[in-house]
There are 2 protein chains.
Amino acid sequence: MSGTEVSSVSGWAKRCFFAGRALMDKTLRPHDLGSTQWYVLWQLATNGPTAQRDLVRILDLERATLSGVVATLVRKGLVDQSASGKDQRQRTLQLTEAGKKLWSELPDLHFIQDAAFSGIDPADLAIAIRVLQTATGRLQDLLGKGTE
Amino acid sequence: MSGTEVSSVSGWAKRCFFAGRALMDKTLRPHDLGSTQWYVLWQLATNGPTAQRDLVRILDLERATLSGVVATLVRKGLVDQSASGKDQRQRTLQLTEAGKKLWSELPDLHFIQDAAFSGIDPADLAIAIRVLQTATGRLQDLLGKGTE
DNA sequence: CTCATTTCGTTAGGTACCAAACAAATATGT
DNA sequence: ACATATTTGTTTGGTACCTAACGAAATGAG
């Protein structure tokens with residue numbers, strides 16, 4: 001963010017988000033995996049096969065964005081994308097054997113959240129979340145208004 | 001962010017940042033301008049001609065990223081990029097006439113910050129900033145360590 | 001049943017971000 | 001002076017994000 005916003009919430013939201021993502025990317029780079037790709041694998045490893053359209057909601061992405069990420073994972077042979085029986089529009093995603101193997105070798109990323117927020121007063125964390133949540137809600141309202 | 005982080009600070013930092021940027025992008029779209037392009041024009045309009053290498057620090061971007069954004073603005077004829085006399089490596093950026101004209105026609109984006117944060121207890125804002133700032137600092141420390 | 005609508009995924013085109021590697025110009029150390 | 005950094009900007013290749021537009025399949029209303 002620019003100079004005017006140096007001390008603003010939105011400026012720090014950006015910096016914080018990018019710093020966290022950079023650390024995630026750096027940790028995953030040796031495994032040739034991006035952060036959003038990791039989230040997809042995480043979902044499939046943790047909750048089993050998932051419909052692509054549900055993943056859109058779970059990961060809070062646009063259909064088009066997820067489509068690209070999934071294509072990359074399929075190309076790498078980590079994920080299987082198959083038409084799901086009943087509804088021929090939907091795709092079901094699941095880990096391949098290679099995907100399971102890679103997942104088992106991946107480092108635990110929990111240290112990132114820990115490093116960032118451990119030791120901070122939980123009351124302060126709650127306030128920070130409330131502020132960000134409020135601001136996000138208002139912004140999304142404004143975004144919606146124009147579209148309707 | 002994924003389901004596990006639904007209530008985390010980092011998850012909301014991401015959402016808040018993207019919501020703000022989306023509103024900015026939507027407002028600027030009729031003028032065929034991206035958010036980071038706007039920040040560059042803002043700097044040049046507000047503080048006059050600026051060295052590209054300083055802009056890297058002011059906007060907190062990588063050299064490579066700024067290089068691309070500037071190339072786009074030059075291609076659009078909004079910004080002039082010239083070698084700056086003394087040091088033949090450096091480039092100085094300034095608005096062209098077309099750039100000045102466009103800037104004068106652009107809507108005021110202040111309403112975005114206002115909409116997001118007005119009416120929120122300043123003490124809470126300060127806490128949110130402190131939390132994000134602390135987390136960012138710790139993450140950047142961790143990022144740095146690996147590189148040294 | 002049929003036509004209009006909605007849902008789901010993809011494609012095309014664009015922005016913004018990064019790391020790594022390169023070239024050119026300048027600065028530094030001996 | 002001269003070889004070795006360091007700084008500045010670009011290029012290349014990759015990720016992640018968006019909108020708009022499209023096609024195919026399913027759903028709904030008449």
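Every chain is numbered from 1 and lettered A, B, ... according to where its sequence line falls, protein lines coming before strand lines.
Listed for the A:S67 side chain is no donor-acceptor partner under 3.5 Å among the backbone atoms of A:R63.
A:Y39 is not listed as a side-chain neighbour of A:I58, based on a closest heavy-atom distance of 4.5 Å or more. Here the side chains of A:W103 and A:W38 are in contact, with some heavy-atom distance below 4.5 Å. Looking only at side-chain heavy atoms (C-beta outward), B:D121 and A:V131 stay at 4.5 Å or farther from each other.
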Extract from the structure each pairing of a protein N or O with an N or O of nucleotides 24-28 of chain D at less than 3.5 Å, listing the distance.
residue : atom : partner : partner atom : Å
D:dA26  : OP1  : A:K86   : O            : 3.3
D:dA26  : OP1  : A:Q88   : N            : 2.8

Identify each atom pair where a protein N or O and an N or O of nucleotides 16-22 of chain D are less than 3.5 Å apart, giving names and distance.
residue : atom : partner : partner atom : Å
D:dA16  : OP1  : A:S35   : N            : 2.7
D:dA16  : OP1  : A:T36   : N            : 2.7
D:dA16  : OP1  : A:Q37   : N            : 3.4
D:dA16  : OP2  : A:Q37   : NE2          : 3.2
D:dA16  : O3'  : A:R21   : NH1          : 3.2
D:dC17  : OP1  : A:R21   : NH1          : 2.9
D:dC17  : OP1  : B:K14   : NZ           : 2.9
D:dC17  : OP2  : A:T36   : OG1          : 2.6
D:dC18  : OP2  : A:E62   : N            : 3.2
D:dC18  : OP2  : A:T65   : OG1          : 2.8

Stepwise side chain to side chain contact (heavy atoms under 4.5 Å, CB included) test for A:L102 and A:K76: CA-CA 11 Å; A:L102 175 64; A:K76 290 180 183 172; over 6 Å; no
Full working for salt bridge (Lys or Arg N to Asp or Glu O under 4.0 Å) between A:R138 and A:D141: CA-CA 5 Å; A:R138 292 184 184 177; A:D141 270 5; over 6 Å; no
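For the side chain to side chain contact (heavy atoms under 4.5 Å, CB included) with B:L33, the lone residue among B:V40, B:D25, B:L106 that qualifies is B:L106.
Between A:M24 atom CE and D:dG14 atom C1' the separation is 17 Å, expressed in whole Å. What separates CD of B:Q81 from C1' of D:dG9 is a distance of 8 Å, to the nearest Å. The distance between atom CD1 of B:I58 and atom P of D:dT8, rounded to the nearest whole Å, is 13 Å.
Nucleotides of DNA chain C lying under 4.0 Å from heavy atoms of chain B occupy a range whose first and last members, 5' to 3', are C:dT15 to C:dT26.
Nearest heavy-atom pair across A:L142 and B:A115 is CD1-CB, 3.4 Å. Taking all atoms of both residues into account, the shortest heavy-atom contact from B:S35 to B:M24 is O-CE, 3.7 Å.
The distance from atom NZ of B:K100 to atom CG of B:L44, rounded to the nearest 0.5 Å, is 10.5 Å.
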